Amino acid sequence: MRPAPYDRLIDDETWAFVDRSAGFYPDDATALDLNSQRSVYDSLCHAFDAGRPAGVTVSDYSVPGPAGPIPVREYAPAAGAPAACVVYLHGGGFILGGLDSHDSVCAEICHGSGYKVVAVAYRLAPEHLHPAQFEDALAAFRHVASASGLPVILSGDSAGGNLAAAVCWATRGGDHVPAGQVLIYPALGADTTSGTFLTHAQAPMLSTADMIFYDEVRSGGMPPRGDPLFTPLAAHDLDAMPPTLVFTAECDPLSGDGPEYCARIAAQGGRAHCIEEQGLVHGYLRARHSVGRARASFDRIITGITALGAGEWPYSA
């Protein structure tokens, strides 16, 4: 039986995605040892990988980082010189994923926008605790922004959305600032004892307990308080943030983070717009080829990235 209220909110296509995912990544997967969790996640991502669109070319290399070279993967569109670049930071709870887990997502963003995309394989926890993930994301952004000479959009999903937001906050007023940020069901650090962390505590694909677990692993067991580099919503000064577009999934404990973040940026004079995708669940990027709602959202994501890279703001807020 499908639990209420999700029996009403989630359509059959999305349930099929949830059920298929559960076959790879069961509800108690956080009880597995780290290597097993990574193996499960890699298998899940591989199963939903759609391949790269024809004409997108790819090269792997490294950029300088604070603890050594950071592996990156660059995607170039089939024709024409790209007018902007996207730095993409993958999800995976700060402990999972890498260049392969989001390969087709990045390739399709490149194909759809016509922009260059650079995916970043930041260091993972628990081998590397906070702020290692942020430091790598920041170093990669600065290198790409300096080397490309193009407007750079920061983007990422889940944990990657957290890192993109932290880099945007840390670079305000610097030599290189993002032209915009596009965050996809980001973990921005709202209070896990209230709001959607309660109403969607047992949502399919991600639970509130999962988020608490990831924060504890990333921090070594002691999540810091008031650190915007760990918790972007901890920042009191969200002025001078770049144009911000956030996509949330309705059936996700993180769904409350995006509206709060955008409202605070707008209140301090910035441009920010949040789109809640109805009936979708955390991780829906993997469903973009099998679920109509996810496909429509991915189209909106690419449209948003394309607009921000061109210096446009087609939103009402």
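As the structure is a computational prediction, the values presented were derived from the model and not from experiment.
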Taking all atoms of both residues into account, what is the closest heavy-atom pair of Arg20 and Ala47, and its distance?
-> NH2-O, 3.2 Å
Donor-acceptor contact present, side-chain Ser207 to main-chain Asp210, <3.5 Å = yes
Parallel, tilted or perpendicular: ring planes of Phe230 versus His130, cut at 30 and 60 degrees = perpendicular
Leu129 versus Val217, closest heavy-atom pair with distance = CD2-O, 3.4 Å
Test side-chain hydrogen bond (donor to acceptor under 3.5 Å, both in side chains) applied to Asp60 - qualifying residues, sequence neighbours left out = Arg73
Compare every heavy atom of Ala240 with every heavy atom of Arg172, then report the nearest pair and how far apart it is.
-> CG-O, 3.5 Å
Minimum heavy-atom distance Leu188-Asp257, with the two atoms named = N-OD2, 2.8 Å
List the atom of Pro126, the atom of Arg38, and the distance in Å for their closest heavy-atom pair.
-> CD-NH2, 4.2 Å
Is the number of heavy atoms from other residues, nucleotides or ligands under 6.0 Å of Asp175 CG greater than 12?
-> no
Side-chain H-bond candidate by donor/acceptor type, Glu108 with His289, under 3.5 Å = yes
Would you name the heavy atoms of Leu229 and Arg218 that are closest together and state the gap between them?
-> O-NH2, 3.5 Å
Atom OG1 of Thr14 and atom CD of Gln278: how far apart are they, to the nearest 0.5 Å?
-> 12.0 Å
All N/O donor-acceptor pairs, side-chain side in residues 137-153, below 3.5 Å, sequence neighbours left out:
from: Ser148; atom 1: OG; to: Val144; atom 2: O; distance (Å): 2.8
from: Ser148; atom 1: OG; to: Leu150; atom 2: N; distance (Å): 3.2

Between Trp15 and Asp7, does any side-chain donor sit less than 3.5 Å from a side-chain acceptor?
-> no
When rounded to the nearest 0.5 angstrom, what distance separates CZ in Arg123 from CZ in Phe94?
-> 14.0 Å
Output for pair (Phe24 CZ, Leu44 CG), nearest 0.5 Å, gives 7.0 Å
Point-to-point distance, once rounded to the nearest 0.5 Å, from CG of Asp100 to CG of Asp49 | 8.5 Å
Aromatic rings His90 and His102: how do their planes relate, parallel, tilted or perpendicular, breaks at 30° and 60°?
-> tilted
When you measure from the side chain of His176 to the backbone N and O of Thr171, does any donor-acceptor pair fall under 3.5 Å?
-> no
Side chain proximity check, Phe48 to Ser21, heavy atoms < 4.5 angstrom | yes
State, without any angle test, whether Ser255 and Asp252 hold a side-chain donor-acceptor pair at a distance under 3.5 Å.
-> no
Using side-chain hydrogen bond (donor to acceptor under 3.5 Å, both in side chains) as the criterion, list what pairs up with Thr244, not counting sequence neighbours.
-> Gln181
Check: Ile184 and Tyr88 side chains under 4.5 Å, non-hydrogen atoms | yes
State, with a plain yes or no, whether a side-chain heavy atom of Glu13 is found less than 4.5 Å away from one of Arg295.
-> no
Does His236 offer a backbone N or O that forms a donor-acceptor pair with the side chain of Gln268 under 3.5 Å?
-> yes
Say you draw a straight line from CG of Leu254 to OH of Tyr185; how long is it, rounded to the nearest 0.5 Å?
-> 10.5 Å
Would Arg286 and Asp157 pass as an ion pair if we require N to O under 4.0 Å?
-> no
Looking at CD1 of Ile10 and CZ of Arg293, how far apart are the two atoms once the value is rounded to the nearest 0.5 Å?
-> 8.5 Å
Regarding Ser39 and Asp42, is there a side-chain donor-to-acceptor distance under 3.5 Å anywhere?
-> no
Taking everything shown except Gln202 itself, do over 12 heavy atoms lie less than 6.0 Å from its CD?
-> no
Flag yes if more than 12 heavy atoms outside His46 fall under 6.0 Å of its NE2 atom; otherwise flag no.
-> no
